[in-house]
Amino acid sequence: MIVPMKKISVFMKDVEKVTALRRLRKMGVMHINATRVKSERIDELNRHRDDFRKICDRIGETYDEALKKSQHRVEEVIRFEEALHKRKRLLESIADEHELTLKVIETEAEIERISSWGDFSPEDLKALSEHGIELTLYTVKNSVLEESDDFEFIRLHEGKHASSIAVLGRKLPTNPEFHQFQLPRKSLSELRTSIEFYQQGIKQIHGLFIDEARYLICYRDIIRRIDEELIFESAHYSMDGNGDIAWITGFMPEERQQDLMELARKESWGLLIDDVKEGDQVPTQLKNNRVVRMIEPIFDILGIVPGYREYDLSLFFLLFFSVFFAMIIGDAGYGLIFLSGAVGLHIATRKMTEPLKLIYVLSTTTVIWGAVTGTWFGSDALLESVPLLKRLVIPTIATFPELFEVTSKEAQMSVIFISFVLGIVQLSIACIINFFRELPELKSLAQLGWMLMLIGLYFLVLNLVIGIDFPAFAQYLIVIGLAVFVLFSQQEKGKSVIKGMLSGLAGLFNTFLDAISGFSNIISYIRLFAVGMASVAIASSFNEMAAPMLGGWTIPAAILILVFGHGLNLIMGLLSVVVHGIRLNMLEFSGQLGMEWTGIKYEPFKETIDSSLEETSN
């Protein structure tokens with residue numbers, strides 16, 4: 001359910017507003033829609049946060065190495081002022097390391113460029129030039145040298161296709177066949193010495209960050225403290241006032257208003273509690289039971305929140321998503337892999353988290369669906385060789401119907417039928433929810449009309465796709481449902497019934513287009529069958545590739561093919577769940593409900609650490 005909210009304004013003396021904010025933060029129930037502001041303090045905190053994030057990232061690269069060097073390392077504590085003082089040196093070290101790394105890359109490239117010329121001193125060539133002996137170095141194709149007799153040269157090195165030469169006293173004319181060698185700044189041996197010097201500097205800096213690894217947790221805690229202080233400063237600058245009185249406005253759960261009233265009396269604050277109004281940016285807090293709450297990690301991953309005035313679809317999302325997941329993955333063997341992973345994670349962490357609960361549910365539904373369709377790693381041979389697995393199968397929806405004297409067409413049509421049933425049930429639930437939401441207004445009847453029309457269209461879809469006879473009553477459902485929707489969809493308060501009907505008739509063309517959209521929404525559920533069938537086909541293909549190798553010395557190759565093939569299929573299946581399974585909930589179902597998922601997540605202004613930052617400067 002979506003927790004009811006109240007709009008609140010807290011008034012205090014202007015000189016007490018910082019203290020009041022700290023009291024509100026400690027209470028941790030008030031959501032503040034803080035505006036983005038700029039100030040010297042906020043800019044300073046942002047710089048500190050970015051600096052420490054950079055330092056933590058660099059330390060993180062050496063953390064595993066640091067743990068190996070000190071198995072019993074104790075995370076040491078460092079004061080914020082001391083960390084701020086060390087920050088400059090650590091950032092300089094990161095910059096120096098980057099610069100040294102670039103120098104190593106550049107020097108290695110230079111060594112590669114000149115290595116074929118051998119180790120010589122560029123200063124010696126410059127000295128010869130100062131004494132009137134001008135040597136110019138070139139790389140020339142051997143075929144060109146054999147044909148050229150108009151200049152004298154010294155062959156320094158002869159390769160398979162080209163030679164390195166020195167020309168005395170002149171420069172050769174510009175020619176694509178002659179590549180003049182640019183003298184390096186240092187000799188080959190000097191360059192190699194430089195690389196050793198740079199690498200020694202990199203090693204020292206690396207050692208510095210290995211040593212700093214003992215402060216990593218502390219540095220991360222500093223970042224959290226800075227984040228909290230940034231929130232505090234944003235709330236501070238979001239306050240209004242008239243010089244003597246300051247106030248701040250936000251939202252809080254209705255059930256906690258008594259607690260705030262008691263705090264206001266204790267602190268001698270003024271308090272205004274009001275109902276939320278149209279146009280208020282009210283945050284959304286979901287409060288579900290322990291079972292339904294497991295779907296919330298999916299919402300967090302997708303970054304979606306229902307609007308405060310929308311619906312909490314957590315229960316329906318969980319139920320349908322579990323079924324969609326099972327049908328799209330479609331394989332009991334894959335379900336067992338997920339289930340084994342969940343059990344292993346559960347044993348390792350000894351915690352039953354919400355994501356872990358969800359994995360248990362999704363893997364279980366996948367095993368059940370795979371078992372009743374007889375899909376175990378896409379193998380009919382495995383199914384046939386284990387009688388118990390075969391007895392679990394419902395023949396009319398079997399993946400390998402030939403084992404049960406059922407035609408492939410009959411089995412496929414049965415799964416498609418189930419997909420469409422899921423579609424009409426989900427879309428009808430959306431209509432029923434909208435109906436009860438709009439009661440007692442006449443407009444609510446439009447939702448029943450739309451549901452009748454969808455049911456009629458459902459029978460039309462069955463006729464067109466599966467070939468089931470189109471019942472005569474279904475055409476009346478479409479006509480009556482469409483008529484009811486047109487007559488009642490525009491009924492509003494303050495508008496007469498006749499005007500509402502006329503408005504509905506005026507929008508008849510748009511309603512017709514929406515009806516076509518409803519038809520396509522039902523058709524869209526066929527993706528559950530199609531994607532699941534594709535997954536089985538891919539698994540079967542890899543099984544067939546590996547089957548001839550399951551004997552003799554080729555067994556390792558067969559195992560490699562099976563692991564790679566089924567691993568790839570698993571990954572593709574999970575991607576399909578995101579693309580198709582979530583889509584059916586987010587577009588078809590939510591679209592029928594008229595949901596936009598534009599909510600603001602309830603994030604109370606609260607204290608996450610025990611102490612605030614000391615006032616600091618750069």
Side-chain angles (χ1 to χ4, degrees), residues 47-71 73 76 78 82-129 135-141 156-166 178-220 222-223 618:
R47 287 195 301 272
H48 292 339
R49 180 179 59 182
D50 293 343
D51 290 346
F52 281 111
R53 280 179 176 173
K54 189 181 295 184
I55 291 169
C56 285
D57 289 343
R58 181 59 189 88
I59 292 175
E61 297 173 12
T62 63
Y63 193 69
D64 290 340
E65 186 178 347
L67 287 178
K68 290 178 182 177
K69 289 189 175 182
S70 180
Q71 296 180 359
R73 178 178 297 278
E76 297 187 22
I78 184 172
E82 184 182 352
L84 203 62
H85 179 72
K86 295 179 68 173
R87 174 197 57 153
K88 184 177 180 181
R89 180 169 65 90
L90 293 174
L91 290 174
E92 288 174 350
S93 297
I94 292 173
D96 290 344
E97 184 181 42
H98 179 69
E99 185 179 349
L100 289 171
T101 302
L102 289 178
K103 286 182 177 180
V104 168
I105 294 172
E106 292 171 357
T107 307
E108 286 177 342
E110 182 71 352
I111 288 174
E112 185 178 357
R113 183 180 75 87
I114 71 172
S115 58
S116 62
W117 292 86
D119 192 5
F120 65 92
S121 173
E123 296 299 326
D124 292 343
L125 293 180
K126 292 179 181 178
L128 289 174
S129 177
L135 283 178
T136 310
L137 306 180
Y138 293 90
T139 300
V140 187
K141 289 183 179 179
L156 303 175
H157 172 75
E158 182 175 359
K160 187 176 181 180
H161 301 290
S163 295
S164 302
I165 66 171
F178 303 106
H179 300 285
Q180 184 175 349
F181 175 68
Q182 300 297 324
L183 292 179
R185 291 179 291 104
K186 296 180 179 180
S187 67
L188 196 60
S189 57
E190 289 174 329
L191 290 173
R192 286 171 178 158
T193 301
S194 295
I195 282 188
E196 291 177 1
F197 176 77
Y198 300 148
Q199 289 176 336
Q200 185 62 32
I202 292 172
K203 185 178 180 181
Q204 289 177 355
I205 294 173
H206 187 74
L208 168 66
F209 283 102
I210 287 178
D211 188 58
E212 284 296 313
R214 65 182 186 272
Y215 299 122
L216 180 59
I217 291 178
C218 191
Y219 286 140
R220 287 174 176 168
I222 287 172
I223 293 174
N618 282 327

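Index from 1, following the sequence.
Residues passing the side chain to side chain contact (heavy atoms under 4.5 Å, CB included) test with Thr193, sequence neighbours excluded: none. With sequence neighbours excluded, the residues satisfying side chain to side chain contact (heavy atoms under 4.5 Å, CB included) with Leu102 are His98. With sequence neighbours left out, the side chain to side chain contact (heavy atoms under 4.5 Å, CB included) criterion links His85 to no other residue. With sequence neighbours excluded, the residues satisfying ring pair (Phe, Tyr, Trp, His ring centres under 6.0 Å) with Phe52 are Tyr219. Partners of Phe209 by ring pair (Phe, Tyr, Trp, His ring centres under 6.0 Å), not counting sequence neighbours: none found. For Leu183, the side chain to side chain contact (heavy atoms under 4.5 Å, CB included) partners at least two apart in sequence or on another chain are Phe120, Leu125, Leu137, Phe181.
Taking a cutoff of 4.0 Å between a charged side-chain nitrogen and a carboxylate oxygen, Glu97 and Arg58 qualify as a salt bridge.
In this structure, Arg220 places its CZ atom where only 12 or fewer heavy-atom neighbours from other residues, nucleotides or ligands lie under 6.0 Å away. For Lys54, the NZ atom sits in a loose shell: 12 or fewer heavy atoms of surrounding residues, nucleotides or ligands are nearer than 6.0 Å.
The CD1 atom of Ile114 sits 12.5 Å away from atom CD of Gln182, with the distance rounded to the nearest 0.5 Å. The distance from the CD atom of Gln200 to the CD1 atom of Ile205 is 11.0 Å, given to the nearest 0.5 Å.
With Arg192 contributing its side chain and Ile111 its backbone, the two residues share no donor-acceptor pair below 3.5 Å.
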Apply salt bridge (Lys or Arg N to Asp or Glu O under 4.0 Å) to residues Arg89 and Glu92 and explain how you reach the verdict. CA-CA 5 Å; Arg89 180 169 65 90; Glu92 288 174 350; over 6 Å; no
Residues Leu90, Leu208; criterion side chain to side chain contact (heavy atoms under 4.5 Å, CB included); working and verdict: CA-CA 9 Å; Leu90 293 174; Leu208 168 66; 4.1 Å; yes
Derivation of the side chain to side chain contact (heavy atoms under 4.5 Å, CB included) call for Arg185 and Glu110: CA-CA 10 Å; Arg185 291 179 291 104; Glu110 182 71 352; over 6 Å; no
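Residues Ile59 and Ala213 share a closest heavy-atom pair of CG2-CA, 3.5 Å. The two residues Tyr215 and Lys86 come nearest to each other via the heavy atoms CE1-NZ, 3.4 Å.
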